[in-house]
There are 2 protein chains.
Amino acid sequence: MSTTNIDSAAQIFGVPFLSNAEGLINSVQTFLFDCDGVLWKGEKLIDGVPETLDMLRSRGKKVVFMTNNSTKSRKQYRKKFEALGLSVGEEEIFPSSFAAAVYLKSIDFPQEKKVYVIGGEGILQELELCGIEGIGGPEDGDKKIDFKPGFFIEHDKDVGAVVVGFDQFINYYKIQYATLCIRENPGCLFIATNCDAVGHFTDAQEWAGGGSMVGAIKGSTEKEPLVAGKPSLLMMDYISKKFQIKKSEICMVGDRLDTDILFGKNGGCKTLLVLSGVTTLSMLQSPENSILPDYYTDKLSDLLTDNSADV
Amino acid sequence: MSTTNIDSAAQIFGVPFLSNAEGLINSVQTFLFDCDGVLWKGEKLIDGVPETLDMLRSRGKKVVFMTNNSTKSRKQYRKKFEALGLSVGEEEIFPSSFAAAVYLKSIDFPQEKKVYVIGGEGILQELELCGIEGIGGPEDGDKKIDFKPGFFIEHDKDVGAVVVGFDQFINYYKIQYATLCIRENPGCLFIATNCDAVGHFTDAQEWAGGGSMVGAIKGSTEKEPLVAGKPSLLMMDYISKKFQIKKSEICMVGDRLDTDILFGKNGGCKTLLVLSGVTTLSMLQSPENSILPDYYTDKLSDLLTDNSADV
């Protein structure tokens with residue numbers, strides 16, 4: 001692959017195209033991967049991903065997967081990896097559904113309290129595994145509001161946190177329920193699994209992301225959420241502790257500047273941006289962008305190619 | 001009514017309770033009223049409102065009504081006023097649905113372009129009266145998304161503006177359609193009828209307001225909207241010009257600090273906060289509140305009582 005044009009463009013703004021993959025691989029112990037836009041797009045695996053993961057594992061590197069997508073639990077994600085032909089253990093996968101549940105556990109969320117969920121089954125499953133009672137979620141998908149005189153929604157006064165993730169079945173009932181909990185239950189927490197503007201929920205289009213659902217609740221509560229997913233460092237600290245990994249020996253690989261790369265930089269990791277997802281070269285080079293990765297490359301499988309000899 | 005306690009509290013933070021209604025009435029020519037929380041709550045008229053409006057009109061004052069609620073057109077609002085026993089002309093009513101349409105007209109929105117609407121029939125009606133083609137709105141209320149591989153929504157490339165208002169039938173289809181227009185149609189405008197956090201859509205509860213729907217689109221587009229309703233001064237300028245009224249001779253009466261009172265203050269009007277809507281005395285007095293009206297009172301009909309002799 002000729003990289004001459006890209007290289008000269010990159011030199012202008014100082015982010016090098018990854019020409020020495022070998023050097024990067026040797027310099028770190030762990031690769032922390034974003035999923036959507038790095039491993040797959042929608043339901044479609046990106047070329048060369050299995051071979052790249054195999055190569056890294058065969059060289060003794062630890063691989064860990066972290067996604068801001070909160071629709072699935074770790075268990076459901078493992079099935080998705082498997083269906084795409086990727087053999088990954090549940091303990092290697094960190095979706096933001098898990099991050100939200102682990103956060104609540106870490107602050108000793110009171111056992112008698114409940115969590116209202118905007119989002120999918122994945123969040124409810126992860127809450128349950130942490131011993132926390134979740135309500136709402138998919139079962140509120142068909143609920144309707146009728147503004148007749150005297151009508152109101154009765155909300156559970158024991159809700160001590162609202163967790164908001166991506167929800168394709170978002171409706172006004174859910175917005176109002178979450179709003180009531182946050183505005184009226186004293187001390188009720190507002191937790192976002194992620195604030196991603198867009199996601200690749202199919203391979204044919206960019207779709208409005210979890211940032212939409214979070215934005216709706218910000219708009220009605222005038223509050224800022226605590227964010228469990230990237231770029232918040234909650235999961236970075238958790239992973240570093242769990243696997244006893246030094247953050248400086250991690251390379252964060254992602255397709256988003258404002259989540260993945262910012263997350264890696266804030267955590268003190270090396271960062272590699274792949275252009276196979278939402279970020280284009282011109283977005284990276286835009287004067288409006290202030291988030292610069294250590295390296296960028298077209299796609300993950302470029303790690304298989306040692307271009308160092310060519311340059 | 002005893003106002004002793006309230007008065008002494010008010011003195012602490014410097015906003016006087018309205019004790020001299022007569023003086024206020026004499027000092028202005030026009031009363032600009034917010035509706036929800038001032039005239040009515042949900043479908044219920046607040047006590048003494050008809051008598052207060054009659055008194056003001058009989059004293060030669062101009063009365064004008066402005067609401068951030070965008071679900072109705074001026075025509076539909078007139079019917080609501082009538083149903084509640086208030087005789088008001090269509091030309092005295094300025095809902096934010098009208099404000100959005102008038103704004104687009106004022107910037108010579110191209111005739112060949114369309115407007116995608118999140119919100120009710122009122123916005124579509126006002127757009128039509130301005131000769132602008134609106135699409136979306138209620139007819140997209142039942143549309144569903146199925147994330148099967150290859151699926152995408154085809155959006156109209158001729159959409160040159162998205163207008164977002166309160167929409168109790170908000171769904172993911174509408175969020176995605178609006179997001180596509182704003183992100184992908186070059187120069188597409190993002191207009192909010194209002195960003196109100198909550199509204200009194202029934203008298204039994206505060207409901208998540210237009211700020212929710214606007215927040216959803218902010219979250220997916222990472223853009224700030226142009227706001228047509230209060231506290232934007234668009235309508236103030238329009239009304240002042242249309243009726244040849246000096247802004248300093250207007251008293252803005254409202255129940256919200258961050259829309260009504262801010263709007264009045266920014267416009268150089270006198271401002272009167274009524275506590276019959278979303279704002280409580282403790283919210284007004286909170287150290288976090290920096291928006292102070294010239295006067296406050298419990299309810300609109302306090303204008304009927306001249307307390308000046310009592311104090």
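Chain identifiers are assigned alphabetically (A, B, ...) following the order of the sequence lines, protein sequences preceding nucleic acid strands; residue numbering begins at 1 within each chain.
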Pairs of donor and acceptor atoms, chain A with chain B, under 3.5 Å:
{"residue": "A:I145", "atom": "O", "partner": "B:Q168", "partner atom": "NE2", "Å": "3.0"}
{"residue": "A:G150", "atom": "N", "partner": "B:D203", "partner atom": "OD1", "Å": "3.0"}
{"residue": "A:F151", "atom": "O", "partner": "B:T202", "partner atom": "OG1", "Å": "2.7"}
{"residue": "A:I153", "atom": "N", "partner": "B:Q205", "partner atom": "OE1", "Å": "3.0"}
{"residue": "A:I153", "atom": "O", "partner": "B:Q205", "partner atom": "NE2", "Å": "2.8"}
{"residue": "A:Q168", "atom": "NE2", "partner": "B:I145", "partner atom": "O", "Å": "3.0"}
{"residue": "A:Y172", "atom": "OH", "partner": "B:A208", "partner atom": "N", "Å": "3.3"}
{"residue": "A:Y172", "atom": "OH", "partner": "B:A208", "partner atom": "O", "Å": "2.6"}
{"residue": "A:Q176", "atom": "OE1", "partner": "B:A208", "partner atom": "N", "Å": "2.8"}
{"residue": "A:Q176", "atom": "NE2", "partner": "B:Q205", "partner atom": "OE1", "Å": "3.3"}
{"residue": "A:Q176", "atom": "NE2", "partner": "B:E206", "partner atom": "O", "Å": "2.9"}
{"residue": "A:T202", "atom": "OG1", "partner": "B:F151", "partner atom": "O", "Å": "2.7"}
{"residue": "A:D203", "atom": "OD1", "partner": "B:G150", "partner atom": "N", "Å": "3.0"}
{"residue": "A:Q205", "atom": "OE1", "partner": "B:I153", "partner atom": "N", "Å": "3.0"}
{"residue": "A:Q205", "atom": "OE1", "partner": "B:Q176", "partner atom": "NE2", "Å": "3.3"}
{"residue": "A:Q205", "atom": "NE2", "partner": "B:I153", "partner atom": "O", "Å": "2.8"}
{"residue": "A:E206", "atom": "O", "partner": "B:Q176", "partner atom": "NE2", "Å": "2.9"}
{"residue": "A:A208", "atom": "N", "partner": "B:Y172", "partner atom": "OH", "Å": "3.3"}
{"residue": "A:A208", "atom": "N", "partner": "B:Q176", "partner atom": "OE1", "Å": "2.7"}
{"residue": "A:A208", "atom": "O", "partner": "B:Y172", "partner atom": "OH", "Å": "2.6"}
{"residue": "A:S212", "atom": "OG", "partner": "B:A216", "partner atom": "O", "Å": "3.0"}
{"residue": "A:S212", "atom": "OG", "partner": "B:S220", "partner atom": "OG", "Å": "3.4"}
{"residue": "A:A216", "atom": "O", "partner": "B:S212", "partner atom": "OG", "Å": "3.0"}
{"residue": "A:S220", "atom": "OG", "partner": "B:S212", "partner atom": "OG", "Å": "3.4"}

inquiry  = Under a 4.5 Å cutoff for heavy-atom pairs, which residue among B:G209, B:A204, B:A208 has the most contacts with chain A?
reply    = B:A208
note = Most heavy-atom pairs under 4.5 Å with chain B, out of A:G211, A:A197, A:G199, belong to A:A197
Selection from A:G210, A:G150, A:G215, A:C195 maximising heavy-atom pairs under 4.5 Å formed with chain B = A:G215
ask   = Checking heavy atoms, do the side chain of A:L180, its backbone, both or neither come under 4.5 Å from chain B?
value = side chain
